[in-house]
Colleague: 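Let me give you the structure first, and then I'll get to my questions.
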Number of protein chains: 4
Amino acid sequence: MPKISRQARRALTEERRKQILDAAARVFAQKGYERATIAEIARTAGIAEGSIYNYFKNKGDLLINIPRQAIQPTVETMSARMTPITSDTLPPEQMLITLAQNMIATIQQNAHIFRILLSTLPTMPQTTRDRYLNQTVLYVLTMLEAYFNQQIKRGVFRRDLNPHTLARAFVGLFFPFILIREVLQVESDQDWTYDEIIQTLVPLFLRGVMADAPKRKSK
Amino acid sequence: MPKISRQARRALTEERRKQILDAAARVFAQKGYERATIAEIARTAGIAEGSIYNYFKNKGDLLINIPRQAIQPTVETMSARMTPITSDTLPPEQMLITLAQNMIATIQQNAHIFRILLSTLPTMPQTTRDRYLNQTVLYVLTMLEAYFNQQIKRGVFRRDLNPHTLARAFVGLFFPFILIREVLQVESDQDWTYDEIIQTLVPLFLRGVMADAPKRKSK
Amino acid sequence: MPKISRQARRALTEERRKQILDAAARVFAQKGYERATIAEIARTAGIAEGSIYNYFKNKGDLLINIPRQAIQPTVETMSARMTPITSDTLPPEQMLITLAQNMIATIQQNAHIFRILLSTLPTMPQTTRDRYLNQTVLYVLTMLEAYFNQQIKRGVFRRDLNPHTLARAFVGLFFPFILIREVLQVESDQDWTYDEIIQTLVPLFLRGVMADAPKRKSK
Amino acid sequence: MPKISRQARRALTEERRKQILDAAARVFAQKGYERATIAEIARTAGIAEGSIYNYFKNKGDLLINIPRQAIQPTVETMSARMTPITSDTLPPEQMLITLAQNMIATIQQNAHIFRILLSTLPTMPQTTRDRYLNQTVLYVLTMLEAYFNQQIKRGVFRRDLNPHTLARAFVGLFFPFILIREVLQVESDQDWTYDEIIQTLVPLFLRGVMADAPKRKSK
DNA sequence: TATGAATGAGGGTTCATTCAT
DNA sequence: GATGAATGAACCCTCATTCAT
């Protein structure tokens, strides 16, 4: 005769897991995975070291579960903003600006997760790495790809372009800025704002990808 | 009195340092800095554990000395190709293609170093990090910036563009591809070649940045 | 919520610390500080190597905490016997004999600690050394000094003497004997007992320090 | 056909040994035996590490050979000053003052050796230790003992005293001062000079040991 | 005989994980 | 489930000693 219903128990457990993963994410982001200690994660989470092992198999298990916990929600938020309906109503420039803004905002809000990803991915085992990537970066790339594909099919973007390439290139445009500011936190490289960058690069990208204006249709 | 001339001794020492750094770079790239052990580095270098400490203060000292050893030579090769003279004689498209090819080739040849950089930089102490960055990425960015600045001043590229931003954006275009293939080694994302990417993105970028050519309006 | 009351936990911890310090003192005394290994201390204490670090910061921390653990109790016993009340009631000869006996007994019971002190003090960092000395030797010297000062003021001991000097000289009288027997354990120098020494040297010292007794001149 | 005569070779070797032992003594005194390194001794001696092994079997061999090298000369100087002839001509007070001054001067000049002795003796193997002691402290004690024996036999010192005990007690009187100043270098205990100490303690000691004045002979 | 790079055993310390309470 | 002390494997680093030159 449990004092708490099974459902309530479940919820409590889930709550605890979140609390621990949150602490782990913070410590991993600050110290890096290897130099983070279970002791510090426990302290940050406000529980005992041993308790962590009631919720996660081991240290690696924490790392594996961080993206679902921390990234997916924001990724989903982002994807929600990219529904076809929206893309119909917005002119490409506006759409791309919004996309870039969302992407950057998402990364900014989860900068510590990105730091973890960067320092961990290169030396992770294949399967873990793929799982991570699918849940995060590739997910976003796939959505972008769909949008570009649509625009190409409509003749808005040049027909000779490959949506796969475009998606990666578009994201890449902003990559160095994000890397420098959010991940590496280089302070000597700060005389710009994301808005300026977006206002410069989206039009630049568009000039590059837009199909020639209909005027020349007669060519 | 030493049996070997001071110069010969110096050369031998330098040789040994290279040998050790090379081993360290390989092991760091494979295991990540923290999980790499001195024992394995020594084994890889074909020497005894203790010998490493005759050439480097400690494990961290190995890390700090890797870029100079492994990257700088290629970085310098690259910079040699970007002299103003060269940039005068080549049309922008050819120049940018060459630059991109060089950059990608450099990274490919030093992919393991890049893996180290990525996994180590985020949790490095500020000063070490800055030193690393200056020797590598920022060095290249600065050169690119100079080139773009030149082209803007000549009216070849749009005058409303900022060379600082352009340099980062140009590098960023290729970043996701490099990341996916060289660093993360995602095998499910391989149906493209760097040449295709370059042939697509350099013109795209150029369309975005070239000033409208009034002279040729009459064409 | 802890399963054990905070007080009980404290007591257990204190017990463990004593157990470890005791083992450390034994091993340090036998091998000397530098040649003693954590492994052997752990073995002697009957615990695992790592456990020591749950109670002490490092090897040096063991050394620093040994005197409080092992000497202070006896030092305090000794000081208890030297209250002014006691010194009032005993004639100087009896008092000094008792003092010498106590001192020697204390050292005998903690001979291994003294061996540690001697071999460690000369090369210790200043602050550690001062802490050590204050807890042990200087503590005793200060007490003696107070006693001599009292006797000088009362005219029992010569007024031209300096209590500071006397305290050191008195302790020094017995020093070579203690050194030879307890610390150096020279076996070829054993045809005497501490009692004989005390019975000889206390009167000798007293003849040296007693004020000429004008009252008894008429005797 | 040696270029150098065998004798000259011998002398050179002996010179080199002295040079090395001198360096070793200095480093041992400063760092303690265990923490002293062959590298530092070699550096101090101005030769290569490996060369030390051409003159001494190993590190321990250095330690064993230091007393003969460094202490014996001064010990011999001291003993020279204590010939019976001298002791005949000087009154006891002058003699003891001279002895104390010589002893203290000797120790002062060789303070570093004393630091080595103190930190090394307690954990040395028996035989090494005895050898050390016989060459140094016991040597001096034996001489003192002879002097006291003479004075007792002459009736200058009390007949009920034991020269063995007296010798140790006399040396002990100055021990704490030497220990505090020369070995432990306690700086907070410096408001006295050796001369003051000697001027106080020698008469004190003499009052304790002198036979009753001849006036009471009639008793 | 002199050199100093090479060696590798050994020691202090950290920390993920276990388990008795 | 919660706790946190106990564990011991693993790692970095030091340094006495050797040996090829």
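Below, chains carry the letters A, B, ... as their sequence lines are ordered, and counting in each starts from 1. FYI, side chains are in, hydrogens and waters are out, and symmetry mates aren't considered; it's all heavy atoms of this structure.
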Colleague: Please report the distance, rounded to the nearest Å, between CG in C/N54 and C1' in E/dT14.
Modeller: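 Taking atom C1' of E/dT14 as the reference, CG of C/N54 is at 11 Å.
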Colleague: Could you tell me whether A/D22 and A/K18 make a salt bridge, using a distance below 4.0 angstrom between a side-chain N and a carboxylate O?
Modeller: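 No salt bridge links A/D22 with A/K18.
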Colleague: Give a yes or no on whether D/R10 atom CZ has more than 12 heavy-atom contacts from other residues, nucleotides or ligands under 6.0 Å away.
Modeller: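 No, not enclosed.
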Colleague: Would you say B/T120's side chain and B/L117's backbone share a donor-acceptor pair under 3.5 angstrom?
Modeller: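 Checking the backbone N and O of B/L117 against the side chain of B/T120, no donor-acceptor pair under 3.5 Å is found.
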Colleague: Go ahead and write out DNA chain E as dot-bracket, 5' to 3': ( ) for pairs within the strand, [ ] for ones crossing earlier pairs, | when the partner sits on another strand, dots for unpaired; Watson-Crick or G-U wobble, both distances under 3.5 Å.
Modeller: .||||||||||||||||||||
Colleague: Separation of A/E15 atom CD from F/dG1 atom P, in whole Å?
Modeller: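 Value for this atom pair: 15 Å.
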Colleague: Is there a residue in residues 38-46 of chain B whose heavy atoms reach under 4.0 Å of DNA chain F, and which residues are they?
Modeller: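 Only B/I38 qualify.
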Colleague: Which of the following nucleotides, E/dA6, F/dA2, F/dG8, is nearest to the side chain of C/A48?
Modeller: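 Closest nucleotide among those given: F/dG8.
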Colleague: Enumerate the residues from residues 56-64 of chain D whose closest heavy atom to DNA chain F is under 4.0 Å, giving them by residue number; use none for an empty result.
Modeller: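 Result for residues 56-64 of chain D: D/N58, D/K59, sorted by number.
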Colleague: Between B/R17 (CZ) and E/dA5 (C1'), how many Å, whole number?
Modeller: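 One finds 15 Å between C1' of E/dA5 and CZ of B/R17, rounded.
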Colleague: On the nucleotide F/dA6, are OP1 or OP2 found under 4.0 Å from the side-chain N or O atoms that C/Y55 carries?
Modeller: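 For C/Y55, the contact criterion (side-chain N or O under 4.0 Å from OP1 or OP2 of F/dA6) is met.
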Colleague: For the residue pair C/Q19 and C/R16, confirm or rule out a side-chain donor-acceptor distance under 3.5 Å.
Modeller: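 There is such a pair (donor and acceptor under 3.5 Å, judged by atom type) between the side chains of C/Q19 and C/R16.
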Colleague: Select one nucleotide: of E/dG12, F/dA16, F/dA2, the one nearest the side-chain heavy atoms of D/T37.
Modeller: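 Nearest listed nucleotide: F/dA16.
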Colleague: Tell me whether D/K59 forms a cation-pi arrangement with D/Y33, defined as NZ or CZ under 6.0 Å from the six-membered ring centre and within 45 degrees of its axis.
Modeller: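 Geometry flag: set, cation within 6.0 Å and 45°.
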Colleague: Would you say the base of F/dC12 and the side-chain of B/E49 have a donor-acceptor pair closer than 3.5 Å?
Modeller: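 Such a pair does not exist between side chain and base.
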Colleague: Regarding B/E40 and B/K31, does a basic nitrogen lie under 4.0 Å from an acidic carboxylate oxygen?
Modeller: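 Salt bridge flag = yes for B/K31 with B/E40.
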Colleague: With distance as the sole test, does B/R35 use its side chain to make a donor-acceptor pair with the main-chain N or O of A/E34 at under 3.5 Å?
Modeller: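 Not confirmed, B/R35 side chain does not pair with A/E34 backbone.
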Colleague: Please tell me if C/R16 has a side-chain N or O lying less than 4.0 Å from either OP1 or OP2 of F/dA6.
Modeller: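 Answer yes for this pair, as a side-chain N or O of C/R16 is under 4.0 Å from OP1 or OP2.
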Colleague: Whole-Å distance between F/dC12 P and B/I52 CD1?
Modeller: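 Roughly 9 Å, once rounded to whole Å.
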Colleague: Measuring from the side chain of B/S51 (C-beta onward, heavy atoms only), which nucleotide among F/dA6, F/dT3, E/dT7 has the closest atom?
Modeller: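 The listed nucleotide nearest to B/S51's side chain is E/dT7.
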Colleague: Would you mind telling me which residue lines up with the more 5' stretch of DNA chain F, D/A36 or A/G50, judged by nearest nucleotide?
Modeller: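 The residue whose closest nucleotide sits nearer the 5' end is A/G50.
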Colleague: What is the distance from CD1 of D/I47 to P of F/dT17, rounded to the nearest Å?
Modeller: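 These atoms are roughly 15 Å apart.
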Colleague: Rounded to whole angstrom units, what separation is found between the CG atom of C/L12 and the C1' atom of F/dT3?
Modeller: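 So the CG-C1' distance, C/L12 to F/dT3, works out to 14 Å.
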Colleague: Could you grab the distance from atom CD1 of A/I20 to atom CD1 of A/I66, nearest 0.5 Å is fine?
Modeller: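 The CD1 atom of A/I66 is 11.5 Å from CD1 of A/I20, to the nearest 0.5 Å.
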Colleague: Output the rounded distance in Å from CZ (D/R35) to P (E/dG12).
Modeller: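 In whole Å, E/dG12 P lies 14 Å from D/R35 CZ.
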Colleague: Rounded to the nearest angstrom, tell me the gap between atom OH in A/Y53 and atom C1' in F/dT7.
Modeller: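 Distance, rounded to whole Å: 13 Å.
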